[in-house]
Every structure is written in C-alpha cells, then in structure tokens.
Amino acid sequence: MLSERHAAMLDFERSWWSNDEPRDQVVRARFQCSPEEYDAEITIVLENPDAVEHDPLVVRRLKRLRLRARKARIDGVAASASGKGVHA
C-alpha cells in the first residue's frame, strides 16, 4: 500500500509547475528533505506497483523522463569519449 507521503509526492509531481515558488523550495518545505533526497525517494516510489495504481500517468511520465535523462548521460559520455560532439 502507498503511504500518505508517497501519495502526496505523486500528487505534487502531477502539478508542481503551477506553484509560484521554485520547485526545490516547495520540496524542502512540504517534504522536509533536500531536493536530492526527494529525487532518491521518488525513484523508489516509482517502482512500487501501488504508485501506478494511484496515478499511472504521472508514474509513466516520470519513468520516461528518467529514462531519457539516463540515455542522454550515457550518450553524452560515449560522445565525449569518442571525441564526437566536442566543438573547438
């Protein structure tokens, strides 16, 4: 079962951009943790099957964004190691 905190995190991810305050500031105030701790915790939440049940669109979106970021990091490392993508 999804905890109240984890459900609140998914709810926050659904609409954080509509806040007037910066995301990191809201994360600190609302979840009492650093943005890095929050990101680590939300990554764990995304692997919980109950998270998909709570909000499938948010979970799929966040997983897709993380996959893209991971791919970009890997491609960036591969490009810089081979000398591609480097402009003089």
Side-chain angles (χ1 to χ4, degrees):
M1 188 167 174
L2 202 60
S3 71
E4 284 185 35
R5 176 181 173 85
H6 291 166
M9 292 171 92
L10 291 172
D11 294 342
F12 172 71
E13 286 297 328
R14 183 181 318 115
S15 60
W16 65 262
W17 53 85
S18 64
N19 291 324
D20 292 334
E21 300 173 34
R23 181 179 183 271
D24 290 353
Q25 186 177 347
V26 176
V27 164
R28 287 181 192 282
R30 190 179 219 184
F31 298 105
Q32 303 299 307
C33 63
S34 71
E36 294 78 16
E37 293 168 329
Y38 174 85
D39 289 341
E41 189 171 352
I42 196 77
T43 297
I44 293 168
V45 172
L46 295 177
E47 299 308 316
N48 184 337
D50 293 329
V52 175
E53 199 170 300
H54 179 78
D55 197 329
L57 295 176
V58 167
V59 171
R60 284 196 305 258
R61 178 176 53 85
L62 291 175
K63 283 184 172 184
R64 189 173 54 248
L65 289 172
R66 282 174 170 49
L67 183 62
R68 284 182 189 158
R70 185 178 302 131
K71 186 175 178 345
R73 280 193 308 272
I74 291 169
D75 290 348
V77 168
S80 65
S82 67
K84 294 180 183 177
V86 177
H87 300 283

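Hydrogens, waters and symmetry mates play no part in the numbers below; they use all other heavy atoms, side chains included.
Partner V52 forms a side-chain contact (heavy atoms from CB on, under 4.5 Å) with one of V59, L10, V58 and no other, that one being V59. For the side-chain contact (heavy atoms from CB on, under 4.5 Å) with L67, the lone residue among K71, R64, R70 that qualifies is R70. The residue from D24, V26, V27 that alone fulfils the side-chain contact (heavy atoms from CB on, under 4.5 Å) condition with Y38 is V27.
Contact record, D50 with L2: OD2-N, 3.6 Å, taken as the closest heavy-atom pair. Across every non-hydrogen atom of E13 and W17, the tightest pair is O-CZ3, 3.5 Å. The minimum heavy-atom distance between C33 and R5, with the atom names listed, is SG-NH2, 3.7 Å. Smallest separation of non-hydrogen atoms from N48 and M1: ND2-O, 4.5 Å.
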- [ ] Show your reasoning for whether side chain to side chain contact (heavy atoms under 4.5 Å, CB included) applies to R61 and D55.
- [x] CA-CA 10 Å; R61 178 176 53 85; D55 197 329; over 6 Å; no
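The CZ atom of F31 lies 7.5 Å from the CD1 atom of I42; values are rounded to the nearest 0.5 Å. A distance of 13.0 Å separates NZ in K63 from CG in L65, rounded to the nearest 0.5 Å. Taken from CG in D75 to CZ in R68, the straight-line distance is 13.5 Å, to the nearest 0.5 Å.
Looking at heavy atoms from C-beta onward, E47 lies out of side-chain contact with I44 at the 4.5 angstrom threshold. S34 is listed as a side-chain neighbour of R28, based on a closest heavy-atom distance under 4.5 Å. L57 places none of its side-chain heavy atoms less than 4.5 Å from the side chain of R14.
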